[in-house]
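Working notes for the structure below.
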Amino acid sequence: MEIQTKIQQAFAQAFQAVYQAEPELKQISVQKTRKEFTGDFTVNVFPFLRLSKLKPEETATQIGEWLVANEADIVAFEVVKGFLNLTLSDAYWSNLITEAFNNANYGKGEPTDKTVLVEYSSPNTNKPLHLGHLRNIFLGYSVAEILKANGHTVVKTQIINDRGIHICKSMLAWQRFGNGETPESSGIKGDHLVGKYYVIFDKEYKKQIAELVEQGKTKEEAEKEAPILLEAQEMLRKWEAKDPEVTQLWETMNSWVYAGFDSTYTQMGVDFDQLYYESDTYLLGKKVVEEGLEKGIFYKKEDGSVWIDLTEDGLDEKLLLRKDGTAVYMTQDIGTAILRSQDFPSMSQMIYTVGNEQDYHFKVLFLILSKLGYEWAKECYHLSYGMVELPEGKMKSREGTVVDADDLMSQMVEAARSEAQEHGSFDDMSEEQADDLSDMIGMAALKYFLLKVDPKKKMLFDPKESIDLNGNTGPFIQYAHARICSIRNRAENFKPVSEMPENAGEKERELVKLIGEYPQAVKDAGAQFSPATLSNYTYELVKAYNSFYQSVPIFKAETENEVNWRVQLSTVTGKIIESAMLLLGIRVPEKM
RNA sequence: GCGCUCAUAGCUCAACUGGAUAGAGCACCGCCCUUCUAAGGCGGGGGUUCGGGGUUCGACUCCCUGUGGGCGUACCA
């Protein structure tokens with residue numbers, strides 16, 4: 001049990017004993033005592049004055065006296081206005097450090113019976129991944145790891161949008177302008193090659209529109225009638241009819257893209273347990289919509305299109321099948337969700353990591369699923385994150401301001417490499433070690449930069465700032481870890497200490513407190529689906545450690561016991577840094 | 001138009017979900033390497049928390065309102 005919860009209960013007990021009244025547990029807020037005051041934890045008595053019928057100071061004092069008399073771990077208290085500041089015993093802190101030192105799973109929750117499916121990538125197969133995908137994927141991966149750390153069983157998944165008009169556009173352009181170019185013949189990564197033809201299609205399409213407009217068509221007419229677009233639509237119909245030639249081309253080009261994605265995912269350091277392809281799920285979606293139509297949940301318009309009326313729920317009418325009977329985005333998503341629930345019958349929650357531009361879409365999706373009678377619909381959760389913006393504004397693929405994921409990652413790694421080179425980190429390293437270290441640092445800078453911001457909020461990506469390795473950054477945290485490893489290596493005669501030295505100073509005590517907060521930090525990050533809260537915690541921990549490291553000599557401590565204690569504190573801090581960073585998907589080096 | 005959402009130091013972000021004098025990083029200024037990794041530490045300046053009302057013992061946080069951004073409102077995904 002977390003110490004906060006214990007204090008909460010003790011406080012309630014005290015209230016019962018002193019005033020014969022029961023405060024609501026939720027109302028008892030236990031927080032860290034601010035630096036300006038003495039104490040470890042603070043309880044606010046304001047909400048309970050109507051129960052005690054006394055002034056804030058009197059209430060706090062009486063409760064404080066009871067707690068010191070009856071709770072072994074609480075040894076002193078101090079009252080400032082309505083704030084009751086409690087001081088815990090050294091024995092309590094000593095036990096905590098011993099536990100953190102001995103328990104390999106310190107901070108992680110007990111196994112639960114919950115199975116959570118986390119979707120954290122949903123790429124289209126017509127172009128490479130970009131910066132927006134990076135935030136999406138790092139976020140979802142980290143949330144999945146955090147949920148695991150909270151004891152849940154997690155299934156990581158992606159939905160691959162492999163069918164539709166977009167991929168036909170690339171296919172058509174390749175067929176017409178490609179001259180048989182392949183990733184092998186050109187040396188271009190598969191997803192980038194296919195993306196290149198998507199751009200070529202768009203150029204040709206625009207050219208044809210311009211020509212048609214010149215011939216006297218309106219812009220709208222031209223956009224609908226451009227021959228190359230009609231051909232792409234024809235290709236989609238052929239695909240749906242399983243035309244052998246089109247199918248073959250589709251398979252070939254998708255396979256190029258998957259090879260490209262695989263290498264991007266590898267560089268990102270992420271993995272998946274289960275893949276879903278829309279080409280496999282859209283038919284189930286269509287079937288379910290037909291069934292819903294029979295049940296009267298949906299209705300058909302005269303032109304044959306199928307809709308659902310959500311106006312009574314405060315939403316709009318939504319299309320589910322086009323008049324030609326083909327599926328739309330919503331249709332496929334219904335199919336995918338149902339398929340997943342069938343594949344994982346024990347699933348207790350389904351999380352979709354998707355940008356907040358789709359908030360409305362998921363509201364509608366979950367509502368439809370629940371109208372279709374699926375109980376698990378209420379356990380669906382849209383992990384909605386804010387868009388990534390650049391200093392010059394939004395990323396726009398048409399204007400070429402998209403930041404490519406592969407390019408960005410290699411730039412980060414190269415920046416890290418030259419910095420490490422300058423720093424002399426490679427001096428005793430092999431080439432592979434140097435490569436690995438560069439990768440570790442560059443990726444840490446990027447991941448931490450994207451994860452430290454509250455996922456819900458939109459964020460600004462300034463390339464200059466992201467590449468910075470000082471201050472509140474991933475490499476800053478890695479550096480602390482490397483220093484700790486170096487201390488640990490030096491401490492040959494280290495023996496764990498079971499009691500905190502009586503003369504332990506402020507810096508040490510501050511560090512001890514933060515170490516004690518790790519389990520709660522993991523819990524909070526899981527409850528809020530927020531790697532950012534965990535980043536902030538780790539940053540606080542590292543700052544406290546650096547401050548300690550700077551002002552408290554470790555190997556020149558007065559007694560051997562103190563040396564051991566300080567090495568032990570360092571070791572525990574290092575373990576937490578590593579553990580927390582892994583939950584963010586960030587590796588930590590032993591030297592840098 | 002309607003719906004959702006955001007606004008905190010020059011810039012980028014925090015603030016334990018309603019609690020004490022709103023904190024960090026970057027940038028700027030000044031110190032600290034014969035103590036263990038200076039990718040570090042210590043100190044300084046910098047705020048009407050977008051404006052205006054309200055609720056509360058207490059508001060960056062909740063409610064109303066105004067202003068200004070973003071997103072959605074597709075037979076796109």
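Chain A is the first sequence line, chain B the second, and so forth, proteins listed ahead of strands; every chain is numbered from 1. Values in this document were obtained by computation on a predicted structure and should not be read as measured data.
- A/Gln358 comes within contact range of at least one nucleobase, with a heavy-atom separation under 4.0 Å.
- Mapping A/Thr473 and A/Val453 onto RNA chain B via the closest heavy atom, the residue that lands nearer the 5' end is A/Val453.
- At B/C71, one or more side-chain N or O atoms of A/Lys394 fall inside 4.0 Å of OP1 or OP2 (strictly under the cut-off).
- Look at B/U8: it lacks any Watson-Crick or wobble partner with both distances under 3.5 angstrom.
- Donor-acceptor pairing under 3.5 Å is lacking for the side chains of A/Glu278 and A/Tyr329.
- At a cut-off of 3.5 angstrom, the base of B/U35 holds no donor-acceptor pair with the side chain of A/Gln550.
- For the pair A/Asn126 CG and B/A77 P, the computed distance is 12 Å after rounding to whole Å.
- No contact: A/Asp524 has no heavy atom under 4.0 Å from any strand.
- Contact annotation for A/Glu357: backbone-only contact, meaning every heavy-atom pair under 4.0 Å involves sugar-phosphate atoms and none involves a base.
- At a cut-off of 3.5 angstrom, counting only N and O atoms as typed in the model, there is a donor on one side and an acceptor on the other between the side-chain of A/His423 and the base of B/A39.
- The residue A/Tyr360 sits close only to the backbone: its heavy atoms come under 4.0 Å of sugar-phosphate atoms, none of a base.
- Side-chain N or O atoms of A/Ser142 include none that pairs as donor or acceptor with a backbone N or O of A/Leu139 at under 3.5 Å.
- Rounded to a whole angstrom, the distance from the P atom of B/A14 to that of B/A24 is 16 Å.
- At the heavy-atom level, A/Ile441 lies under 4.0 Å from base atoms of the strands shown.
- Taking the O4'-C1'-N9-C4 or O4'-C1'-N1-C2 dihedral as appropriate, B/U49 has a value more than 90° from 0 and is therefore anti.
- Contact annotation: A/Lys81 does not reach the phosphate of B/C57 (side-chain N/O to OP1 or OP2, under 4.0 Å).
- At a threshold of 4.0 Å, the pair A/Lys206-A/Asp202 counts as salt-bridged, since one of the basic side-chain nitrogens sits closer than that to a carboxylate oxygen.
- Checked by atom type and distance alone, the side chain of A/Tyr120 never pairs as donor or acceptor with a backbone atom of A/Val354 at under 3.5 Å.
- Looking at A/Lys32 and A/Glu510, a side-chain N of the basic residue comes within less than 4.0 Å of a carboxylate O on the acidic one, giving a salt bridge.
- Between the C1' atom of B/C75 and the CZ atom of A/Phe298 lies a distance of 16 Å, rounded to the nearest Å.
- As a whole-Å value, the separation of A/Tyr282 OH from B/A77 P is 13 Å.
- When heavy atoms are screened at a 4.0 angstrom cut-off, A/Lys556 is found touching the sugar-phosphate backbone but no base atom.
- In this entry the distance linking CD1 of A/Ile159 with C1' of B/A77 reads 12 Å, nearest Å.
- Here A/Tyr539 lies in heavy-atom contact (under 4.0 Å) with sugar-phosphate atoms only.
- In this pair, A/Phe46 lays its aromatic ring flat on the base of B/G19, centres within 5.5 Å and planes under 30 degrees apart.
- Distance, A/Asp428 CG to B/U37 P: 13 Å, rounded to whole Å.
- For A/Arg163 and A/Tyr277, the positive end is not near the middle of the six-membered ring at less than 6.0 Å and at most 45° from its axis.
- Counting non-hydrogen atoms under 4.0 angstrom, A/Met387 reaches nothing in the nucleic acid.
- Along RNA chain B, the nucleotide nearest to A/Val328 and the one nearest to A/Ala416 differ in position, and the one closer to the 5' end is contacted by A/Ala416.
- When heavy atoms are screened at a 4.0 angstrom cut-off, A/Thr42 is found touching base atoms of the nucleic acid.
- Without hydrogens or angle criteria, A/Gln158 side chain to A/Ser122 main chain gives no donor-acceptor distance under 3.5 Å.
- Annotation: A/Glu506, atom CD; neighbour count of heavy atoms from other residues, nucleotides and ligands within 6.0 Å does not exceed 12.
- If you check every strand for non-hydrogen atoms under 4.0 Å, A/Pro391 touches nothing.
- For the OP1/OP2 pair of B/U37 and a distance below 4.0 Å, the side-chain nitrogens and oxygens of A/Ser425 include no atom meeting the criterion.
- The distance from the CG atom of A/Asn136 to the CG atom of A/Leu131 is 11.0 Å, given to the nearest 0.5 Å.
- A gap of 14 Å separates the C1' atoms of B/G40 and B/G25, to the nearest Å.
- B/G45 sits 23 Å from B/C60 when the C1' atoms are compared, rounded to a whole Å.
- A/Glu240 contributes no side-chain N or O that, together with a main-chain N or O of A/Arg237, makes up a donor-acceptor pair within less than 3.5 Å.
- Near-neighbour residues of RNA chain B inside residues 475-491 of chain A, defined by a heavy atom below 4.0 Å, number-ordered: A/Phe476, A/Tyr479, A/Ala482, A/Arg483, A/Ser486, A/Ile487, A/Arg490.
- Using a 4.0 Å heavy-atom cutoff across all strands shown, A/Val552 reaches at least one base atom of the nucleic acid.
- Among the heavy atoms of the strands lying under 4.0 Å from A/Glu590 is at least one base atom, whether or not backbone atoms are also near.
- Both distances falling under 3.5 Å, in either a Watson-Crick or a G-U wobble arrangement, place B/G43 opposite B/C29.
- In this entry B/G66 has B/C50 as its Watson-Crick or G-U wobble partner, both defining distances falling under 3.5 Å.
- A/Leu460 comes within contact range of the sugar-phosphate backbone alone, with a heavy-atom separation under 4.0 Å but no base atom that close.
- Contact annotation for A/Lys457: backbone-only contact, meaning every heavy-atom pair under 4.0 Å involves sugar-phosphate atoms and none involves a base.
- The shortest distance between the side-chain N/O atoms of A/Arg566 and the OP1/OP2 oxygens of B/U35 is not below 4.0 Å.
- Within 3.5 Å, a donor on the side chain of A/Asn85 pairs with an acceptor on the base of B/A20, or the reverse.
- The base of B/A77 lies outside donor-acceptor range of the side chain of A/Ser122, with no N or O pair under 3.5 Å.
- Of the side-chain N and O atoms in A/Asn472, none sit less than 4.0 angstrom from OP1 or OP2 of B/C26.
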